[in-house]
2 protein chains.
Amino acid sequence: MELKPLEALKLWHDVELDLVRDNRPDLSLRQIVILLTVYLEPPPHTVRGLAKKLEISKPAITRALDTMGRLDLLKRKRDESDKRNVLIQRTVTGSVYLTDLADSVINRAREIGPNDPVRSKTSETADTPS
Amino acid sequence: MELKPLEALKLWHDVELDLVRDNRPDLSLRQIVILLTVYLEPPPHTVRGLAKKLEISKPAITRALDTMGRLDLLKRKRDESDKRNVLIQRTVTGSVYLTDLADSVINRAREIGPNDPVRSKTSETADTPS
DNA sequence: CTAGGATAATACGCAACCGAAACGTTTTCG
DNA sequence: CGAAAACGTTTCGGTTGCGTATTATCCTAG
């Protein structure tokens with residue numbers, strides 16, 4: 001898939017705008033990366049494993065699990081074969097969340113191609129003061 | 001441009017991972033949206049205009065301008081014709097920041113197409129405990 | 001069965017963010 | 001003029017995030 005710089009930035013902008021407006025719980029960059037990793041890559045996922053792979057500190061992972069667990073975006077489960085480990089698992093709510101994200105990316109990407117990158121529907125809410 | 005759900009999520013994941021790892025100053029979702037809007041849409045940009053368009057509160061815009069101004073990602077300028085207004089302007093540093101972001105999106109998007117969505121180079125840093 | 005290593009969680013101090021409300025300045029309009 | 005509106009900023013109280021350092025629990029060797 002080929003993109004020009006302005007198209008790439010517009011895509012990014014449009015999707016992030018969807019995220020901001022739909023005011024879902026606003027997750028930090030780290031949290032979103034963790035969530036996506038858990039859902040995209042094959043289990044098992046542990047705190048240490050995620051910390052190493054994503055280059056995020058372990059406490060940051062733990063806190064992210066606290067927050068996203070509270071939001072039911074994923075859940076913890078002790079590893080019974082080695083009780084030091086915590087396995088991070090997916091939830092239905094998390095799947096829905098990411099499905100929505102994927103939809104946003106797909107729809108915004110679809111608009112990109114045959115479009116003038118400058119004037120989209122944005123000019124209807126003018127940025128200039130009245 | 002057409003994307004499948006898994007491809008969309010993988011693209012999002014990969015780019016966000018670039019952002020986390022390159023540890024640039026980590027901007028919040030709102031901040032990135034503000035930054036992108038200022039650079040993608042034609043000026044002038046005001047606090048009130050951005051707040052309305054992005055559905056973000058005015059104090060949040062002000063704080064974002066403080067932070068990103070400190071990082072030299074954009075700058076303020078009083079509107080001389082109406083001194084109540086503050087015009088938000090671009091900077092070289094901000095352009096570089098977004099150019100890097102665009103590069104990341106472009107490169108990650110290029111990898112998407114003819115690729116197996118499951119096993120990429122991620123498996124070399126195994127997520128499983130040793 | 002005890003010492004050492006590994007894992008996740010917690011404590012602490014700090015910084016940043018948020019929304020609502022209040023404020024100071026500038027412009028507009030009666 | 002003087003009052004009202006518009007604009008951006010600041011203040012307030014509260015929440016959340018981060019990293020470093022420490023703790024509690026569990027496994028594994030010797």
Side-chain angles (χ1 to χ4, degrees), chain A residues 16 19-35 38 43-71 73-89 126-130, chain B residues 16 19-35 38 43-71 73-89 126-130:
Chain A
E16 301 248 28
L19 293 181
V20 169
R21 293 217 254 226
D22 287 7
N23 66 347
R24 2 191 161 200
D26 43 308
L27 305 179
S28 74
L29 209 65
R30 285 169 177 76
Q31 291 169 339
I32 295 184
V33 171
I34 292 169
L35 187 63
V38 169
H45 299 282
T46 66
V47 173
R48 172 160 177 75
L50 291 171
K52 187 184 195 176
K53 178 184 306 183
L54 306 179
E55 297 178 14
I56 296 174
S57 73
K58 273 190 296 183
I61 303 276
T62 294
R63 277 187 301 260
L65 296 184
D66 290 342
T67 302
M68 293 194 285
R70 230 177 291 130
L71 297 170
L73 293 175
L74 39 74
K75 64 185 174 191
R76 283 184 247 235
K77 179 163 181 289
R78 275 238 104 85
D79 182 353
E80 288 305 327
S81 70
D82 184 341
K83 288 182 182 164
R84 289 173 301 183
N85 291 330
V86 162
L87 305 178
I88 295 103
Q89 302 185 317
D127 196 285
T128 55
S130 62
Chain B
E16 300 250 28
L19 293 181
V20 169
R21 292 217 253 226
D22 286 8
N23 68 343
R24 8 190 160 201
D26 41 309
L27 304 179
S28 74
L29 208 65
R30 286 171 175 77
Q31 291 170 339
I32 296 185
V33 171
I34 293 170
L35 188 63
V38 169
H45 299 283
T46 67
V47 172
R48 173 159 177 74
L50 291 171
K52 188 185 197 176
K53 178 183 306 179
L54 306 179
E55 296 178 15
I56 296 174
S57 73
K58 273 192 299 178
I61 303 277
T62 294
R63 278 187 300 261
L65 296 184
D66 289 343
T67 302
M68 292 194 286
R70 230 177 291 131
L71 297 171
L73 294 176
L74 37 74
K75 63 185 174 190
R76 281 185 249 234
K77 181 162 181 291
R78 276 237 103 86
D79 182 352
E80 288 305 327
S81 71
D82 183 342
K83 289 182 182 167
R84 289 174 302 184
N85 291 330
V86 162
L87 305 178
I88 294 102
Q89 302 184 318
D127 193 28
T128 55
S130 59

* Structure fact -> Heavy-atom contacts, protein to nucleotides 22-30 of chain C, under 4.0 Å, summarised as B (base), S (sugar-phosphate only) or - (none) per nt, yield ----BS---
* Asked: Tell me, for nucleotides 13-23 of chain D in 5' to 3' order, what letter each nucleotide earns: B for a base near a protein heavy atom under 4.0 Å, S for only sugar-phosphate near one, - for neither?
  -> ----SBBBB--
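The separation between A/D66 atom CG and C/dA9 atom P is 7 Å, rounded to whole Å. Rounded to whole Å, atom P of C/dG19 lies 13 Å from atom CG of B/L54. To the nearest angstrom, P of C/dC17 lies 10 Å from CD1 of B/I34. Rounded to whole Å, atom C1' of C/dC17 lies 14 Å from atom CG of A/L27.
Under the rule for a side-chain contact (heavy atoms from CB on, under 4.5 Å), the partners of B/L27 that lie at least two apart in sequence or sit in another chain are B/Q31, B/I32, B/L35, B/M68, B/L71, B/L73, B/Y97. The side-chain hydrogen bond (donor to acceptor under 3.5 Å, both in side chains) test applied to A/R78 returns no partner, not counting sequence neighbours. Legend: residues meeting side-chain contact (heavy atoms from CB on, under 4.5 Å) with B/I56, ordered by chain and number and at least two apart, are A/V20, B/R30, B/I34, B/L54, B/A60, B/I61.
Taking only side-chain nitrogens and oxygens, A/R76 comes nearer than 4.0 Å to OP1 or OP2 of C/dA9.
Distance check: A/K53 NZ to A/H45 NE2 gives 6.5 Å after rounding to the nearest 0.5 Å. Distance check, rounded to the nearest 0.5 Å: NZ of B/K77 to CG of B/D79 gives 7.5 Å.
Among residue pairs with one or both ends in residues 56-66 of chain A, those qualifying as side chain to side chain donor-acceptor pair (under 3.5 Å) are A/D66-A/R76; sequence neighbours excluded.
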